[in-house]
Number of protein chains: 4
Amino acid sequence: MDFRSDNVVPAAPAILDAVLNANRDSVTSYAGDPYTERARAGLAAVFEREDLFMLPVVSGTATNALALATYAPTYGAVYCHEEAHIRLEEAGAPGFYTGGAVLVPLAGPNGKFSAAALAEALSHANAGGVHWSKPALVSVTQVTEAGTLYTLDEVRAIAAVARKSGLIVHMDGARFANAVAALGCTPAEASWKLGVDVLSFGATKGGALAAEAVVLFGADAAARDRLRYLHKRAGLLLSKMRFVSAQLEAFLAGGLWLALARHANAMAARLSHGLAARPGVRLAFPTEANEVFAHIPDAGLKALEAGGAKFLRFGAADSTLARFVCSHATREADVDAFLALARRHLG
Amino acid sequence: MDFRSDNVVPAAPAILDAVLNANRDSVTSYAGDPYTERARAGLAAVFEREDLFMLPVVSGTATNALALATYAPTYGAVYCHEEAHIRLEEAGAPGFYTGGAVLVPLAGPNGKFSAAALAEALSHANAGGVHWSKPALVSVTQVTEAGTLYTLDEVRAIAAVARKSGLIVHMDGARFANAVAALGCTPAEASWKLGVDVLSFGATKGGALAAEAVVLFGADAAARDRLRYLHKRAGLLLSKMRFVSAQLEAFLAGGLWLALARHANAMAARLSHGLAARPGVRLAFPTEANEVFAHIPDAGLKALEAGGAKFLRFGAADSTLARFVCSHATREADVDAFLALARRHLG
Amino acid sequence: MDFRSDNVVPAAPAILDAVLNANRDSVTSYAGDPYTERARAGLAAVFEREDLFMLPVVSGTATNALALATYAPTYGAVYCHEEAHIRLEEAGAPGFYTGGAVLVPLAGPNGKFSAAALAEALSHANAGGVHWSKPALVSVTQVTEAGTLYTLDEVRAIAAVARKSGLIVHMDGARFANAVAALGCTPAEASWKLGVDVLSFGATKGGALAAEAVVLFGADAAARDRLRYLHKRAGLLLSKMRFVSAQLEAFLAGGLWLALARHANAMAARLSHGLAARPGVRLAFPTEANEVFAHIPDAGLKALEAGGAKFLRFGAADSTLARFVCSHATREADVDAFLALARRHLG
Amino acid sequence: MDFRSDNVVPAAPAILDAVLNANRDSVTSYAGDPYTERARAGLAAVFEREDLFMLPVVSGTATNALALATYAPTYGAVYCHEEAHIRLEEAGAPGFYTGGAVLVPLAGPNGKFSAAALAEALSHANAGGVHWSKPALVSVTQVTEAGTLYTLDEVRAIAAVARKSGLIVHMDGARFANAVAALGCTPAEASWKLGVDVLSFGATKGGALAAEAVVLFGADAAARDRLRYLHKRAGLLLSKMRFVSAQLEAFLAGGLWLALARHANAMAARLSHGLAARPGVRLAFPTEANEVFAHIPDAGLKALEAGGAKFLRFGAADSTLARFVCSHATREADVDAFLALARRHLG
């Protein structure tokens with residue numbers, strides 16, 4: 001009953017097998033290997049873009065920071081939700097990788113900001129001219145930090161505002177698999193067809209050991225070149241990159257990534273449904289992917305912990321907000337055991 | 001009737017004379033001259049701190065950025081009001097000079113945040129550990145961006161919270177002269193006696209051509225060394241620094257700086273009083289120093305402009321918020337002419 | 001016969017097994033897992049320093065950059081050999097991680113600089129004062145870029161000069177295992193007992209998939225804190241760090257790392273001995289670890305390539321300098337096959 | 001007899017007058033004033049380029065750093081002479097402003113590197129690909145750090161090599177006035193007609209208080225925009241820029257800048273001629289502008305100092321290399337008094 005995060009669990013067996021199988025023969029180092037080429041081809045197929053450019057990366061923080069730095073000047077501004085991971089929980093990585101760009105927070109319920117909020121913020125910045133950081137990108141998190149989803153129309157509207165002001169559109173897709181599984185659309189429909197230029201494609205939370213990719217849609221040679229140099233300069237161009245690329249290849253093969261995500265989402269739905277039925281429990285946000293946020297009285301939270309459930313508490317010391325994350329490795333039995341515990345202790 | 005800013009007006013004659021008088025003989029370059037030493041001594045006397053360390057700087061933006069970078073690590077966080085000049089109107093200079101530190105916005109009325117708001121923000125950051133930018137400084141703007149003043153008690157309370165969390169306290173004193181003149185306390189009472197560690201001391205808005213100073217109170221040798229290197233590396237260690245230092249020296253001599261500030265404040269009070277008496281006019285913030293912010297119907301603003309008054313409009317295109325700044329060079333006749341205009345056109 | 005680098009070969013089986021075995025149960029993410037603690041304990045035991053602090057990292061470039069950034073101010077200078085990897089082949093990573101510090105090249109034969117060369121460079125910098133980048137660290141590469149070794153006395157002398165000027169001593173130990181194996185001393189004798197403060201400890205070239213460690217000897221709490229934040233901010237604090245730490249743990253267990261390095265060194269010695277006996281072949285540097293540098297006429301190099309040998313050519317287009325690297329995975333039969341080829345084609 | 005530098009002397013009277021005359025009326029702040037527009041027009045006329053873009057800056061270090069940062073990516077490399085001011089005496093400002101770009105030193109006699117040296121360095125970097133910092137600019141110092149001049153053909157050849165590799169050509173013209181005066185060509189012939197893209201145009205050493213300009217030749221809108229933001233973000237967009245721009249305007253008006261430079265050059269030639277005639281004295285470099293470098297026995301240097309002459313010694317403690325700089329303010333009588341002293345004490 002460990003619902004702390006989707007990064008505390010083991011990797012999916014098929015992905016671990018792929019790492020094992022990559023340990024043969026000698027191959028060219030620094031991503032010049034066939035595993036990396038196949039990972040790229042896999043992404044190109046999944047996203048239906050033969051011109052897709054990607055580089056494998058070992059962490060979500062680095063992936064986001066590289067994605068932003070590929071497009072933000074050192075004096076740029078990146079617009080994002082005020083609760084965005086890039087703003088709060090990446091220790092300033094975007095400012096580091098970009099050489100000083102700032103993140104401008106936008107407010108909005110359920111972890112989402114609107115196209116109108118972006119437009120208003122841009123009108124202030126544009127009036128400020130050179131005295132204000134230059135608007136450069138907007139970053140949309142899909143699945144959001146609140147475990148919710150932007151509708152395709154919401155992203156499309158944000159991208160339209162961005163385009164009008166010359167901004168690049170980034171999507172933080174650490175849980176992109178869960179989003180696509182939940183939205184029931186194609187990966188292309190969830191990304192570049194909406195106007196997304198650069199995607200942080202996550203696999204680690206989805207079942208890999210440590211594998212993500214910066215994905216550029218329709219990037220010109222100069223942008224690819226910038227990403228390549230930024231990636232190397234950060235020490236992220238691993239000499240034995242094959243072991244990362246092999247994870248991405250296996251993650252994508254045969255739709256494994258979506259199957260794993262569907263499972264995680266289903267487990268969260270089950271958990272959410274059962275939990276919300278308890279008296280005194282109030283969902284903080286709609287459960288739309290693999291994360292459940294709920295307000296539960298402190299006594300209840302303590303009882304759950306005492307009963308062996310693991311989860312995170314958010315906010316201030318006396319907060320009643322808890323988060324329960326399901327993953328590819330969550331078993332139905334774990335969820336049911338947790339719900340039994342909830343029935344015993346929550347009203 | 002040019003009330004656009006206190007930086008559109010000429011320099012005070014006594015300060016210009018000092019520049020002229022500095023043009024004699026050869027002196028050691030790069031701040032090794034007697035003018036710089038006398039400017040330092042002048043600040044030490046005014047602030048009653050013989051151990052005061054300072055470096056002359058030619059702009060407020062650079063002064064603030066240097067002040068912050070002396071104490072913020074590259075992965076640090078600086079807490080400030082959401083409307084702070086360092087956050088909005090310095091094009092990301094703090095992130096640049098610090099090598100990536102972020103500014104964390106705090107809300108609050110009249111351009112001021114409270115000690116409680118700081119404490120709450122710190123409790124979140126401290127819970128986040130290494131995933132959050134490391135809290136490093138708090139920055140208080142005095143006079144605020146809203147033309148208001150923190151009371152001494154308010155600053156003292158903020159500094160106490162900061163101290164408890166190991167934060168350094170910075171004061172953005174671009175209009176420190178106006179603040180001291182209005183508060184009626186000594187410079188020491190308005191700064192280090194409250195817990196301020198580093199002050200951006202402004203002279204440009206007060207009557208100089210281009211002269212500010214980063215002022216460190218009780219800094220150890222390592223901090224002085226950091227500031228010296230940061231200052232040089234930014235290209236701010238002018239070879240003929242005498243011409244900047246001479247301005248600071250003259251600004252301080254015989255209390256000129258406070259006399260000029262008292263005049264500016266008095267002009268703003270006169271303007272504010274007259275303007276607030278007009279029907280349809282509403283002061284946006286209390287007038288506590290040399291700036292008047294007022295909501296005036298659009299037709300009225302246009303009439304004032306047509307009548308020859310110059311001022312800035314703030315906010316969105318249809319905003320009715322206007323700012324009127326008085327300076328050492330504002331004449332009583334200008335204010336009265338403006339008020340006559342207001343009487344004619346505002347109700 | 002792939003002698004291109006020690007990073008083109010597969011990982012050592014025992015290390016891959018450790019990754020497999022780490023895929024059990026859920027553990028705390030972000031390095032709060034028992035594998036990381038055991039990797040730390042392993043390093044502490046090997047280096048005979050219970051107070052050793054370390055963080056796992058996935059690449060040598062990132063490890064070096066973090067090591068330097070822990071100690072270099074943004075305006076600092078790092079002294080190193082003019083051929084140092086950090087200076088030439090890490091795409092400017094040290095400047096990136098430090099926020100602008102510069103690398104000062106020191107010349108010297110066989111990939112080594114002397115204590116005297118360092119002392120002379122420091123005397124210039126110290127005379128330059130604030131106009132010069134502030135001397136902050138010296139970086140010694142052991143094994144050097146020329147495949148040679150500093151003697152313990154040579155490092156000790158460099159460290160003594162560094163200490164006198166207040167510099168921190170860094171050792172780039174991407175091939176530290178090969179160095180210790182060749183020097184026949186203890187890891188402690190090859191590092192902190194000589195005055196090394198911070199070590200880039202490499203395992204990737206030695207047989208891991210992607211695992212290195214920044215190792216601090218005797219670091220105070222502030223330095224540890226800096227490293228922790230820099231590491232996180234770069235996106236190098238992997239959520240599933242267990243998979244990196246497990247590699248380090250296995251690398252150290254039972255002296256595996258030294259056994260693997262001794263093998264690699266022995267293979268290089270065998271290759272070097274055989275190659276140097278060919279007419280027309282001249283070793284460029286003494287073979288002291290696992291790399292052989294030789295000048296071979298262009299026709300000979302082409303014949304070796306045509307015969308199936310893989311290796312790198314260095315320098316300009318018409319250069320005759322080739323490098324042959326042996327690794328844990330090099331088989332004696334490969335070396336002998338290569339030498340047979342050499343006998344056939346090189347005179 | 002103060003020959004320490006051309007920055008220890010007072011400003012030229014005409015330039016100081018211009019500052020005085022700029023102290024009238026209120027004008028738009030932040031470079032939106034007529035003085036700045038006239039300074040730009042003055043440069044455009046002098047350089048015969050109506051499309052010239054420029055921003056005023058208060059120091060040479062900041063000017064160079066901005067010039068480089070306008071074109072260097074954060075992972076870029078700038079090629080320059082190993083003794084270049086940007087590399088040695090600007091405390092790492094280029095790395096700071098560019099966000100991490102490195103300076104690659106090129107050797108060569110008399111403070112000059114050759115087109116061939118640049119070509120060879122580039123061939124190495126290009127072979128290194130993404131592992132090496134990306135070649136971005138070459139920087140030529142004219143007048144050089146050795147007081148010598150590149151011939152027009154030498155600069156043209158360097159620019160041709162640069163162009164072939166896609167590099168931007170920067171000229172550090174802190175003493176550009178002295179160069180043009182000595183070369184006897186037009187400013188255009190000494191800069192953009194040779195292939196120079198961006199010039200650090202110096203006025204401070206030539207007689208201003210603190211005034212330089214970054215000058216872009218044929219820059220597109222994106223480059224202008226980059227420079228504007230970088231300039232603001234560094235805190236170099238002074239609110240009362242009129243006082244800097246007025247200096248530039250006066251410097252250029254009626255050819256004053258060249259008249260002052262010709263005088264400085266003539267004084268240096270007189271000093272050089274007289275000094276070289278003394279036994280035991282050996283010029284270190286040819287005297288081609290306003291600086292004289294000479295090897296003089298230590299006893300002689302001490303005697304000159306005792307006699308009241310001021311100058312700088314270069315190099316190690318026991319060095320015999322001294323530098324004598326003449327300026328717009330050097331009087332013939334000073335030179336003759338110095339030469340009389342030399343005759344008394346030097347053989």
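A note on names: the letters A, B, ... follow the listed sequences, proteins ahead of strands, and every chain is numbered from 1. Heavy atoms only: backbone and side chains are in, while hydrogens, waters and symmetry mates are out.
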Next on the checklist: Between B:L237 and chain D, with a heavy-atom cut-off of 4.5 Å, which part of the residue counts as in contact: side chain, backbone, both or neither?
Outcome noted: neither
Checklist outcome for this item: Heavy-atom nearest pair, D:E90 first then B:K232, reads CA-CE, 4.0 Å
Checklist entry - Non-hydrogen atoms of chain B under 4.5 Å away: do they reach the side chain of D:D25, the backbone, both or neither? => result backbone
Checklist entry - Going by residue number, which parts of residues 59-66 of chain B are within reach of chain D, meaning a heavy-atom gap below 4.5 Å? => result B:S59, B:T61, B:A62
Item to check | Winner by heavy-atom pair count (cut-off under 4.5 Å) against chain B, out of D:N23, D:L16, D:L20 | outcome: D:N23
Checklist entry - In terms of the angle between their ring planes, are D:F96 and B:F96 parallel, tilted or perpendicular, with boundaries placed at 30° and 60°? => result parallel
Item to check | Option in B:A208, B:G95, B:A22, B:G235 with maximal non-hydrogen atom pairs under 4.5 Å from chain D | outcome: B:G235
Item to check | Atom group of B:Y97 that falls short of 4.5 Å from chain D, counting heavy atoms | outcome: both
Checklist entry - What's the shortest heavy-atom distance between D:P10 and B:K240, and which atoms? => result O-NZ, 4.2 Å
Checklist outcome for this item: Closest non-hydrogen contact found for D:L238 with B:A210 is CD1-CB, 4.0 Å
Next on the checklist: Which one wins on heavy-atom pair count under 4.5 Å against chain D: B:G32, B:A234, B:G92?
Outcome noted: B:A234
Item to check | Largest heavy-atom contact set with chain D, pairs under 4.5 Å, which of B:K205, B:R242, B:R24, B:M241 | outcome: B:R242
Next on the checklist: Between B:E212 and chain D, with a heavy-atom cut-off of 4.5 Å, which part of the residue counts as in contact: side chain, backbone, both or neither?
Outcome noted: neither
Next on the checklist: For chain B, which candidate among D:P94, D:S239, D:P13, D:S327 shows the most heavy-atom pairs at distances under 4.5 Å?
Outcome noted: D:S239
Item to check | Contacts of residues 2-9 of chain D with chain B (heavy atom under 4.5 Å) | outcome: D:D2, D:R4, D:D6, D:N7, D:V8, D:V9
Checklist entry - Please walk me through it: do B:V58 and D:V244 pass side-chain contact (heavy atoms from CB on, under 4.5 Å)? => result CA-CA 11 Å; B:V58 288; D:V244 180; over 6 Å; no
